[in-house]
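Worksheet: the structure to be examined is printed underneath.
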Amino acid sequence: MDPALRAADLRALLHQHAHRYYVLDDPQIPDAEYDRLFQELQALEDAHPALRTADSPTQRVLGRVLDGFVPVRHQVPMLSIRTETDTTAAGAEAFDARVRRELELPTDAPALAYACELKFDGLAIGLRYEQGVLVQAATRGDGETGEDVTQNIRTIGQIPLRLQGKAPPVLEVRGEVYMRRDHFEHLNERQREKGEKTYINPRNTAAGAVRQLDPAITAERPLSFFAYGLGDVQGWARPATHSATLDALADFGLPVCADRAVVEGAAGLVDFHRRMGDKRDALPFDIDGVVYKVDRIELQQRLGFVTREPRWAVAHKYPAQEQLTLLRGIEVQVGRTGKITPVAKLEPVFVGGTTVSNATLHNLFELRRKGVRVGDQVIVRRAGDVIPEVVGRVPGARPVYVPNFRMPTVCPVCGSQVLREKGGIDHRCTGGLFCAAQRKQALLHFAGRRAMDIEGLGDKLVDQLVDGGLIRTLPELYTLGLAKLAALDRMADKSAANLLAALDKSRQTTLARFLYSLGIRQVGEATAKDLARHFGALDRVMDASLDQLQQVVDVGPVVAQSIRHFFEQPHNREVVEQLRAAGVHWDEHEGSDIANTPQPLAGQTLVLTGTLPTLTRDQAKALIESAGGKVAGSVSKKTQHVVAGAEAGSKLDRARELGVNVLDEAGLLALLQPAPDDTH
Ligand code: IVH
């Protein structure tokens, strides 16, 4: 293609995408794709300097002030940093070499000290503090002029409205507003439950939230902040190094990321890049690279700037967490609870550090809303330990007609009917444990590390056991014999013996693990632990009423209902009995509230009224419950005691009417003392 035509095409494309990205906060292509187009244009312009037009996106910093916000002129321009896209060690070495050359250091000069930080993936913000008070917050805009977003920024709890300690007359803090990955997932989970549009990634969601005209909307989005530098400063002798500056900012009460280090020379940079790369998935937020800054401010000043980028800093990237690829097909997967998830079959693509060929499309509604069809170019995101997902498609006409995806009406695994609950979002296979897919998932869950922890019982073996008809129910696991196992394809005698040993070992467990392993809907690890702690014995959980279940911390009506429903099914009770008969056991009461605290109020109902002299209502309730008692909202004949404090109202009258015992706080505390025969 004619380079002039290609350059014009690239300019138009980049302008279009930059507008969507910077102005509308609604990008259509992943950053990595934008970078590729940008670099292609840069290369073309380098090869043919005549093609470098004044309006080329390579020639100016992008971004525009939105109509609704008041423009803010930055006292000190908000610069960007040069990006090193070579994600290998060479990227760090090139930066160190460049800095040393520009400082005209002799080759044998000692290694330079660098401040290394994470490159947060959010939105740059300048926070202006005058006499320690936050007076203005502004976005970067085009670097010279940004937008006044003070109202919105004030809704971010992490940002101090007043600095701690002896604050200078003027201190402008620069940093990044971002959204944690768990907050983002939670937000999307809620959107999904409501059947509403999900957000694409934490970065755009954070940026969108900051630029809301209505601060009430910003306040609903969980945003966070990290400080990473300074803008305008007056009346403060700033520290001599960047790292000490960040320490000072932390002392002023600003959030500064702990994952930073001062390192020496290129080797130190390479090491930091590698260490943070290893840690990337485990961080609670997205980063797209690390940032190296020459630590000594005096050296920074000597290095100065090229166009709008400091020579003393560089962003060293990691592999992108979003990529474009071809959607080859859509299949469905049947989960443990029968939920049918559409799964994208992709042209394999390297994203977030691994090659991805499957990604979730969550549910039919989301798939429809994103409008993806087989043959589309789609955006795949893989960040942290979140499963890869398709977040959207690249808009554009399809060359041929492609029919829309339809949910199967019968389960592709067991042929049972597929249904969607009225008003619900998810489609489910109604086959239950008749469905081999659900059985397999149930087995895998049961055997999981956090459940019964049966080492060696993985995907492949479960497939063989279920497909070969060796196992139909969970308890049958414990009836497997060496002969049956060793007859399986590719199963050596030794592995069969190992599996049997692992199964045997798993028989000794805890109530919490056992409850979790049953795979009751809504009962995750934490809830299983709470249930075990509260009830102490399996039979008490199985027979608990909805009310009793809701006495457990964090168990609401939905979770309680799900637990009741599970144990009301005769076949589930049978599974439990068979597992016990197979020798699965645990110490009842181990680690439970019941074992640890005597239960002087067991079976008694108390009512609280008025204000107690030292205990809050919640504290009193917790004390009563931990002593085995129950707190009710109204007085009846079934009430044993009414605990009355100052300004007790009608409940006290009612207690007198019914002749119910009335106590004050001291009386309650006395009641909580275990009876003499309770203490061993
Ligand atoms: S320093 C003069 N440090 O990356 C240097 N920037 O182009 C000013 N960013 O949008 C930037 N983490 O908001 C710096 N630790 C960090 C950063 C960081 C993220 C963002 C910044 C800007 C872009 C730089």
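Only a predicted model underlies this, so the values are computations on that prediction, with no experimental measurement involved. Atom set for the values below is all heavy atoms of this structure, side chains included, hydrogens, waters and symmetry mates excluded. Both counts, for ligands and for their atoms, begin at 1 and track the order of listing.
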Contact summary for Val372 and Arg398, nearest pair of heavy atoms: C-NH2, 4.3 Å

Heavy-atom closest pair, residues Ala209 and Leu223: CB-CD1, 3.9 Å

Tell me which protein heavy atom sits closest to [atom], plus the residue, atom name and distance to 0.1 Å.
atom	value
atom 12 (N) of ligand 1	Phe120 N, 3.1 Å
atom 1 (S) of ligand 1	Lys293 NZ, 3.4 Å
atom 20 (C) of ligand 1	Glu176 OE1, 3.4 Å
atom 21 (C) of ligand 1	Tyr228 OH, 3.1 Å
atom 2 (C) of ligand 1	Pro310 CG, 3.5 Å

Backbone of Ala137 reached by a side-chain donor or acceptor of Thr150 within 3.5 Å: yes

His362 side chain vs Val390 backbone, donor-acceptor pair below 3.5 Å: no

Heavy atom of Ala313, distance to ligand 1 below 4.0 Å: no

4.0 Å heavy-atom contact, Met78 with ligand 1: no

Is there a donor in the side chain of [X] and an acceptor in the side chain of [Y], or the other way round, less than 3.5 Å apart?
X	Y	answer
Arg221	Thr205	no
Glu117	His242	yes
Asp96	Tyr292	no

Looking only at distances, can you tell me whether any N or O atom of [X], backbone or side chain, sits closer than 3.5 Å to an N or O atom of ligand 1?
X	answer
Leu79	no
Gly175	no
Ser80	no

Residue pair His316 / Leu269, side-chain heavy-atom distance below 4.5 Å: no

Heavy-atom check, side chain of Leu161 versus side chain of Val133, under 4.5 Å: no

Contacting atoms of ligand 1, where contact means under 4.0 angstrom from a heavy atom of Glu117: 3 (N), 15 (N), 16 (C)

Atoms of ligand 1, numbered as shown, that sit under 4.0 Å from any heavy atom of Lys119: 4 (O), 12 (N), 19 (C)

Pick from Val256, Val290, Ile81: the one approaching atom 5 (C) of ligand 1 most closely through a non-hydrogen atom: Ile81

Ligand 1 versus Leu123: contacting region, heavy-atom distance under 4.0 Å: neither

Within reach of ligand 1, part of Ala124 (heavy-atom separation under 4.0 Å): both

Ion pair check, Arg381 and Asp286, cut-off under 4.0 Å: yes

